[in-house]
Visitor: 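If you scroll down you'll find the structure; I have some questions about it.
Here is how names work: the chains are called A, B, and so on, in the same order as the sequence lines, proteins then strands, and each is numbered from 1.
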There are 2 protein chains.
Amino acid sequence: MKSADPELTGGGNRFRIIDLIRRLGPIARVEIVERTNLSPATVSAITGGLIEDGLVTASHVEGGEPSGRGRPRVMLQLQAGILHAVGVKLSLGRISVAVTDFAGRAVHSLVLPVRLDRQPAETIADLVEDGVRQCVSDAGLRLEAISGLGIGIPGVIDASAGRSHWSPVFGHAVVNFAAMIERRLSLPTQIENDANLAALAESWFGRAQDLADFAVVTAEDTIGMGLLLGGRLHRGAHGIGAEFGHVKVEVDGALCRCGQRGCLDTVASGWALSRNPELLERAGDMLGLALANLMNVLNLPRIILTGSVLTSQELVANRLEAALDRFMLPTLREATEIVRHEWGDEMWARGAASLVLRRLYGEPP
Amino acid sequence: MKSADPELTGGGNRFRIIDLIRRLGPIARVEIVERTNLSPATVSAITGGLIEDGLVTASHVEGGEPSGRGRPRVMLQLQAGILHAVGVKLSLGRISVAVTDFAGRAVHSLVLPVRLDRQPAETIADLVEDGVRQCVSDAGLRLEAISGLGIGIPGVIDASAGRSHWSPVFGHAVVNFAAMIERRLSLPTQIENDANLAALAESWFGRAQDLADFAVVTAEDTIGMGLLLGGRLHRGAHGIGAEFGHVKVEVDGALCRCGQRGCLDTVASGWALSRNPELLERAGDMLGLALANLMNVLNLPRIILTGSVLTSQELVANRLEAALDRFMLPTLREATEIVRHEWGDEMWARGAASLVLRRLYGEPP
DNA sequence: GGTGATTTGTTCACGCTCCAAAGAAACGCG
DNA sequence: CGCGTTTCTTTGGAGCGTGAACAAATCACC
């Protein structure tokens, strides 16, 4: 380790520029200068390097507004086909896979509709292997052309170690799923809590591209929360992420899959609602109370609601917002924007792929 | 704004080195090299600059262990007397003031035992002015020798704007207290939520000097929480900090000073307990439940408990810990250490002073 | 008491990243 | 065809950091 400088600064601006080019499609250098506050000299040098490395191409296609006077802008865009990543999302009822290009756009995606609960981990790994091979092949690519694999999994996931500590999919066993997949596909593999992934995806190509602090609440089979704080994914001690689904909303409530009682997950998750539909009335209230309490402390400028429970059950989402209005301090509530964002399977898998892309872009963190 | 580099990198290592010298008393350059992973050349250059600027002095006093072989170490320490700061803490029942030296050690401190509730803000500002003038004079200094003033206040404080949006001391009026004090003393003044200040102080000279993520819970008159996340104080949207005291623990509970019902503050704060001692039984449970839920999400490696309610009421603190054991996910609970830390008035005021010292050290954030 | 090993601190030449300023390129306009 | 305009590149230099060689101050040991 050299210290702070070479890593932070060094790759930092290069990363920012790649990221800008990805986000803003074909973009001229001048615009990069304006948005980054870097000097033209620096932008010229860095983009020159990117073009030389084959990551970026320049074209004279006109982009729009500037009236036509003066030297025409040269538009830059990512050489999207040069590198590919694969994203996988595990849910209780299916496995979603997507192959993305270097810009994070899905090239091909598929869904394996298989029930995963109570399957041994090795079997699940086999299914993932099959799905990935199939999807890569359908995309017209060979496995060697894939730079890496990102996998989103609900539960308590230690991303840095690649292990699941608890998950509705794997149960209480500690499973090094990343290693199991690497053994099968010989690709660098990262796993991450699915809600964390959603947060990453929202900041990467979703509804929070402008923010460094926000929360994503996902309510599908499972309730989850991803937090971006200071522009970075919040993982707590030991790299284990936020477990919003296991916040306690009823002392001595129903028994949860996690082994405890009264978890939010037992009253508001898709899993619970499918077994006990009359919970629907209270689900939004409970979610809202738990979220309001969290937001009274964290006071984030935006909360993004995703997952089928929140995007297709109007009642739940409306009650949730009503609870926020009621339980958050008014000063803080005013400063918090609530956004509902419906996600498809492909979006999840793209989020997982963005785990890989961050590395390819040379992220500084 | 130049970009990322000059600010982040530039002052960064200088700040780290000043901070190391402050923390580890007389310290040799070699040790700074070991602890920062900077090169000897860099440390030599930066410390040379500090000595030239008069912020640091070198002495040949022996520090200890190294067996005596080789060139003897030259020990560096802060020139503590060169600059001074003043810290102030407002509570409902008193104003605490401390003058600190450049190393953050209290040179002199005093407490004004006055009740502040229902006093107009201008009167409180007058009292603070008197206290500061008195304390500075008692310390044998003149006001011109003070580099700045930091003030800790309970409530919803917008630190960047210098305003109180709600506080048990000022009520619901929006009060620009920083400006009111600057007008009286002509000193650069910052205000901050008192619990945030406690967090800053714990990381600056308390029980969390080794951590970049932790929480401080204070239970005195008021319940508060300060969060350090990623080495930085967490302030939410609009710079308003964490409001742990107004988390809802009872739907339709007692009316809180903030105007809402069922706040944690109504069942566990010193203010509530003094009026209603039979709450004592439940106070720890409620605190513990609210904290457990937060920690299930944030999963921090350490929680520091401070404030008279938690440090002098064994029952409350014990019940709190029991609730954490019961309500946190076991995996996460194991990763979280609970520390009780008794604070005096002087400690609070030193924390406030450290607001000023950070600036003097040239903090990069 | 000299000699060499040991540890600490400094100097020097160089690399990396960035910038300001000047220059070059590529266009529309009259 | 020159001229203003806008975009991009080049040039020279500043700031911060490093590795490697060097200088300094001591102890161990014959």
Side-chain angles (χ1 to χ4, degrees), chain A residues 1-18 20-21 26-52 56-76 362 364, chain B residues 1-18 20-21 26-52 56-76 362 364:
Chain A
M1 189 232 267
K2 270 180 167 182
S3 86
D5 197 24
E7 354 273 82
L8 276 176
T9 276
N13 285 337
R14 191 180 141 108
F15 177 81
R16 283 172 71 197
I17 289 180
I18 300 182
L20 260 184
I21 298 175
I27 181 178
R29 280 171 255 242
V30 222
E31 204 179 335
I32 298 178
V33 167
E34 288 162 8
R35 294 188 182 257
T36 57
N37 286 318
L38 294 168
S39 73
T42 303
V43 172
S44 206
I46 293 181
T47 54
L50 295 174
I51 291 172
E52 203 165 292
V56 164
T57 50
S59 61
H60 282 257
V61 181
E62 271 306 316
E65 322 82 37
S67 49
R69 212 36 188 255
R71 176 176 178 172
R73 301 180 163 197
V74 179
M75 307 306 276
L76 304 177
Chain B
M1 189 230 269
K2 270 179 167 184
S3 86
D5 197 24
E7 353 274 81
L8 277 176
T9 276
N13 285 336
R14 191 180 143 108
F15 178 80
R16 283 172 71 197
I17 289 181
I18 300 182
L20 261 183
I21 298 176
I27 180 177
R29 279 171 255 245
V30 223
E31 204 178 336
I32 298 178
V33 167
E34 287 161 6
R35 292 188 183 257
T36 57
N37 286 318
L38 293 168
S39 72
T42 303
V43 172
S44 206
I46 293 180
T47 53
L50 294 175
I51 291 172
E52 204 165 292
V56 164
T57 49
S59 61
H60 282 256
V61 181
E62 272 306 316
E65 324 83 37
S67 47
R69 201 57 175 249
R71 176 176 177 172
R73 301 179 163 199
V74 177
M75 308 306 275
L76 304 177

Visitor: Could you tell me the separation between the CG atom of A/L50 and the OG1 atom of A/T57, rounded to the nearest 0.5 Å?
Guide: 11.0 Å

Visitor: Figure out the CZ/P separation between B/F15 and D/dG17, and round it to whole Å.
Guide: 15 Å

Visitor: Out of C/dT10, C/dG9, C/dA5, which nucleotide sits closest to the side chain of B/R69?
Guide: C/dA5

Visitor: Between P on C/dT8 and CG on B/L76, what's the gap in Å once rounded to a whole number?
Guide: 13 Å

Visitor: Mind checking side-chain contact (heavy atoms from CB on, under 4.5 Å) for B/R71 and listing every partner two or more places apart, or none if nothing turns up?
Guide: none

Visitor: To the nearest Å, give me how far apart CG (B/L50) and P (D/dC16) are.
Guide: 13 Å

Visitor: Mapping A/V43 and B/G70 to their closest nucleotides on DNA chain C, which lands nearer the 5' end?
Guide: B/G70

Visitor: With the side chain of A/P72 defined as its heavy atoms from C-beta on, choose the nearest nucleotide among D/dA25, C/dG9, C/dC27.
Guide: C/dC27

Visitor: Given D/dT6, is OP1 or OP2 found less than 4.0 Å from the side-chain N or O atoms of A/R29?
Guide: no

Visitor: If I take atom CZ in residue A/R16 and atom P in nucleotide C/dC18, what distance separates them, rounded to the nearest angstrom?
Guide: 9 Å

Visitor: Give the rounded distance in Å between these two atoms: CD1 of B/I51 and P of C/dG9.
Guide: 10 Å

Visitor: What is the distance, rounded to the nearest whole Å, between atom CG of B/N37 and atom P of D/dT18?
Guide: 9 Å

Visitor: Which of these, B/V43, B/I18, B/L38, sits in a side chain to side chain contact (heavy atoms under 4.5 Å, CB included) with B/N13?
Guide: B/L38

Visitor: Check this for me: does the side-chain of B/R71 come within 3.5 Å of the base of D/dT26 through a donor and an acceptor?
Guide: no

Visitor: Using heavy atoms to find the nearest nucleotide of DNA chain D for B/P40 and A/E34 separately, return the residue whose nucleotide is more 5′.
Guide: A/E34

Visitor: So, taking the atom named OG1 in B/T42 and the one named CD1 in B/I32, what distance separates them when rounded to the nearest 0.5 Å?
Guide: 12.0 Å

Visitor: Among D/dT7, C/dC12, D/dG17, which nucleotide sits nearest the side chain of B/I46?
Guide: D/dG17

Visitor: Please give, in whole Å, the distance from D/dG15 P to B/R14 CZ?
Guide: 14 Å

Visitor: Choose from D/dT7, C/dT10, D/dG19 the nucleotide whose nearest atom is closest to any side-chain atom of B/S44.
Guide: C/dT10

Visitor: Provide, to the nearest angstrom, the distance between the CE atom belonging to B/M75 and the C1' atom belonging to C/dT8.
Guide: 12 Å

Visitor: In terms of side-chain heavy atoms of B/V30, which of D/dT18, C/dC27, C/dG9 is nearest?
Guide: C/dG9

Visitor: Considering only D/dC8, D/dG17, C/dT8, which nucleotide approaches the side chain of B/T42 most closely?
Guide: D/dG17

Visitor: Does A/R14 use its side chain to pair, donor to acceptor, with the backbone of A/G362 at less than 3.5 Å?
Guide: no

Visitor: Within the pair B/N13 and D/dG17, is there a side-chain N or O less than 4.0 Å away from OP1 or OP2?
Guide: yes

